[in-house]
J.: 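Here's a structure for you.
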Amino acid sequence: MADQPDPGVVIASEPRRIGVLGGTFDPVHIGHLRGALEVAESLGLDELRLTPNARPPHRDTPQVSAQDRLAMVECAVVGVAPLVVDARELQRDKPSYTIDTLELMRAELAAHDQVFLLLGWDAFCGLPTWHRWEELLQHCHILVLQRPDADSEPPDALRNLLAARSVSDPLALKGPSGQIAFVWQTPLAVSATQIRQLLASGKSVRFLVPDAVLAYIDAHGLYRAPN
Ligand code: ATP
């Protein structure tokens with residue numbers, strides 16, 4: 001007869017691998033989604049959380065509320081595992097810092113779960129201006145999304161950090177947090193700015209956003225110039 005597990009022994013689960021991609025997603029488009037899916041597949045992530053950011057009210061285009069941005073991201077990921085939406089930054093009444101979001105996520109995860117924060121190169125270079133940025137690596141690894149043709153130099157403030165914490169292979173990131181790796185990826189040439197401009201000038205954004213997002217934009221008359 002096979003041995004029965006001792007009920008007094010807690011069997012540790014495999015570490016989960018969770019990616020986090022923040023953005024304004026105004027609106028979400030195929031650049032975000034394709035990039036996120038490629039990272040999730042190449043790193044074998046269990047979940048990649050698209051996390052819409054709250055924005056100061058004066059920056060919101062009047063007709064596009066945070067609820068609309070969230071609804072569009074939700075439409076976009078239906079049936080696209082492992083992409084999921086994490087709405088927590090919109091559920092607070094003030095813009096939240098990434099460090100706050102990571103702390104809240106960490107509190108819900110097992111200590112050995114791995115968290116990967118995805119940042120474009122530009123965002124990564126701006127890291128020293130972020131609130132409590134030096135604590136970020138206590139909660140996550142950082143994946144810097146870099147273009148294969150880029151030859152940018154990091155700012156001085158990040159040189160020591162990169163020397164101490166970067167590993168060359170993203171698949172070699174070990175443990176729950178603490179290291180930095182580069183993911184080389186050619187982004188699709190699409191931006192939310194371009195999509196807003198096309199819509200405002202009465203043009204189509206078909207094939208730049210998923211059909212479900214386009215249907216939502218049309219149904220709610222988003223981004224169109226008033227008649
Ligand atoms: P905007 O044009 O309004 O500035 P955006 O298209 O750059 O918006 P964001 O919501 O600011 O979109 O981006 C969220 C994240 O997605 C950022 O980390 C950004 O680097 C990344 N991202 C944006 N566009 C692309 C793209 N075409 N391919 C891959 N990643 C992208």
Side-chain angles (χ1 to χ4, degrees), residues 18-43 45 48-77 80 83-90 95-99 101-102 115-127 129-130 133 136 140-150 152 154 158 170 180-201 203 205-210 213-214 216-217 222-223:
I18 311 285
V20 179
L21 175 65
T24 43
F25 303 122
D26 185 21
V28 66
H29 55 67
I30 57 162
H32 302 130
L33 296 162
R34 185 65 218 166
L37 190 57
E38 284 180 13
V39 170
E41 288 193 329
S42 62
L43 271 92
L45 301 185
L48 197 159
R49 302 179 179 181
L50 300 178
T51 311
N53 303 145
R55 288 194 311 178
H58 66 272
R59 283 198 48 196
D60 255 337
T61 320
Q63 76 272 31
V64 180
S65 62
Q67 285 65 33
D68 283 331
R69 290 188 288 119
L70 172 61
M72 289 188 280
V73 184
E74 282 173 341
C75 290
V77 303
V80 195
L83 304 189
V84 297
V85 182
D86 189 312
R88 77 185 69 219
E89 293 194 7
L90 299 180
S96 41
Y97 296 108
T98 300
I99 187 76
T101 303
L102 290 170
V115 176
F116 302 89
L117 179 67
L118 278 60
L119 293 178
W121 170 254
D122 291 349
F124 178 69
C125 289
L127 213 56
T129 65
W130 290 23
W133 71 278
L136 291 169
C140 64
H141 295 298
I142 293 179
L143 292 175
V144 184
L145 307 181
Q146 181 62 295
R147 297 165 184 259
D149 57 353
S152 326
L158 291 176
I180 303 171
F182 284 70
V183 176
W184 302 90
Q185 192 179 62
T186 304
L188 295 173
V190 47
S191 71
T193 304
Q194 172 201 11
I195 289 170
R196 292 194 299 274
Q197 286 168 351
L198 286 169
L199 288 164
S201 59
K203 300 218 171 62
V205 296
R206 187 113 201 252
F207 309 126
L208 295 178
V209 298
V213 173
L214 182 57
Y216 187 96
I217 289 172
L222 302 184
Y223 306 109

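Counting starts at 1 for both ligands and their atoms, in listed order. Side-chain atoms are counted along with the backbone in the values below, which use heavy atoms only and exclude waters and symmetry mates.
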J.: Just need the protein heavy atom nearest to atom 20 (O) of ligand 1, so name the residue and atom and give the distance.
T.: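 Here the nearest protein heavy atom works out to Gly120 CA, 4.2 Å.
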J.: Look at atom 7 (O) of ligand 1 and say whether a protein heavy atom is found at less than 4.0 angstrom from it.
T.: no
J.: For residues Val39 and Leu143, report the shortest heavy-atom separation together with the two atoms involved.
T.: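 Scanning both residues completely, I find the closest heavy atoms to be CG1-CD1, 3.9 Å.
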J.: Taking 4.0 angstrom as the limit, do Asp86 and Arg88 come out as a salt bridge?
T.: yes
J.: Assess the residue pair His141 and Ile180 against the criterion (side-chain contact (heavy atoms from CB on, under 4.5 Å)); give the C-alpha distance rounded to whole Å, side-chain angles, the decisive distance to 0.1 Å, and a yes or no.
T.: CA-CA 6 Å; His141 295 298; Ile180 303 171; over 6 Å; no
J.: Would you check the N or O atoms of Ala189, main chain and side chain alike, for any that come under 3.5 Å of an N or O of ligand 1?
T.: no
J.: Considering only non-hydrogen protein atoms, determine which one is nearest to atom 24 (N) of ligand 1 and report residue, atom name and distance to 0.1 Å.
T.: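 Nearest neighbour among protein heavy atoms for atom 24 (N) of ligand 1, to 0.1 Å: His29 CE1, 3.4 Å.
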J.: Applying a heavy-atom cut-off of 4.0 Å, say which part of Thr24 lies close to ligand 1: side chain, backbone, both or neither.
T.: both
J.: Which of the numbered atoms in ligand 1 are under 4.0 angstrom from any heavy atom belonging to Gly31?
T.: 26 (C), 27 (N), 28 (N), 29 (C), 30 (N)
J.: Indicate whether any N or O donor in one side chain lies under 3.5 Å from an N or O acceptor in the other, for Glu89 and Thr101.
T.: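 Yes, because at least one side-chain N or O of Glu89 sits under 3.5 Å from a partner of the opposite role on Thr101.
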J.: I need the minimum non-hydrogen distance between Phe124 and Leu158, along with the two atoms involved.
T.: O-CD1, 3.2 Å
J.: Non-hydrogen atoms of Ala192 versus ligand 1: any pair closer than 4.0 Å?
T.: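 Under 4.0 Å: yes for Ala192.
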J.: Could you pull out the closest heavy-atom pair between Val190 and Gly31, with the gap in Å?
T.: CG1-N, 3.6 Å
J.: Look at ligand 1 and say whether Gln185 reaches it with a heavy atom at a distance under 4.0 Å.
T.: no
J.: Do you know the tightest heavy-atom contact between Arg196 and Pro27?
T.: CG-CD, 4.3 Å
J.: Under 4.0 angstrom from ligand 1, any heavy atom of Val190?
T.: yes
J.: Considering only protein heavy atoms, which is closest to atom 16 (O) of ligand 1, and at what distance to one decimal place?
T.: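 Atom 16 (O) of ligand 1 sits closest to the protein heavy atom His32 CD2, 3.2 Å.
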J.: For Gly23, take its heavy atoms, then give the atoms of ligand 1 lying under 4.0 Å from any of them.
T.: 10 (O), 14 (C)
J.: Which of the numbered atoms in ligand 1 are below 4.0 angstrom from a heavy atom of Phe25?
T.: 10 (O)
J.: If you look at every heavy atom in Ala76 and Val28, which pair is closest and at what distance?
T.: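 Closest approach of Ala76 to Val28, heavy atoms only: CB-CG1, 3.9 Å.
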J.: Distance from Trp133 atom CH2 to Ile99 atom CD1, nearest 0.5 Å?
T.: 12.0 Å
J.: For the residue pair Arg69 and Pro52, what are the closest heavy atoms and their distance?
T.: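 That would be NH1-CB, 4.4 Å.
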J.: At less than 4.0 angstrom from any non-hydrogen atom of Thr193, what atoms of ligand 1 do you find?
T.: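 With Thr193 as reference, the close atoms of ligand 1 come out as 1 (P), 2 (O), 3 (O), 4 (O).
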J.: Among all the protein's non-hydrogen atoms, which is closest to atom 18 (O) of ligand 1, and how far away is it?
T.: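 The closest heavy atom on the protein side is Leu21 CD1, 3.9 Å.
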J.: At a 4.0 Å cut-off, with the gap strictly under it, does some heavy atom of Arg196 reach an atom of ligand 1?
T.: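 Under 4.0 Å: yes for Arg196.
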J.: At a 4.0 Å threshold, what atoms of ligand 1 neighbour a non-hydrogen atom of Gly22?
T.: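 With Gly22 as reference, the close atoms of ligand 1 come out as 14 (C), 15 (C).
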J.: Side chain, backbone, both or neither: which part of Arg34 comes within less than 4.0 Å of ligand 1 when only heavy atoms are counted?
T.: neither
J.: State whether any protein heavy atom lies less than 4.0 Å from atom 26 (C) of ligand 1.
T.: yes
J.: For the pair Gln185 (side chain) and Gly35 (backbone), establish whether a donor and an acceptor sit closer than 3.5 Å, ignoring hydrogens and angles.
T.: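 Yes.
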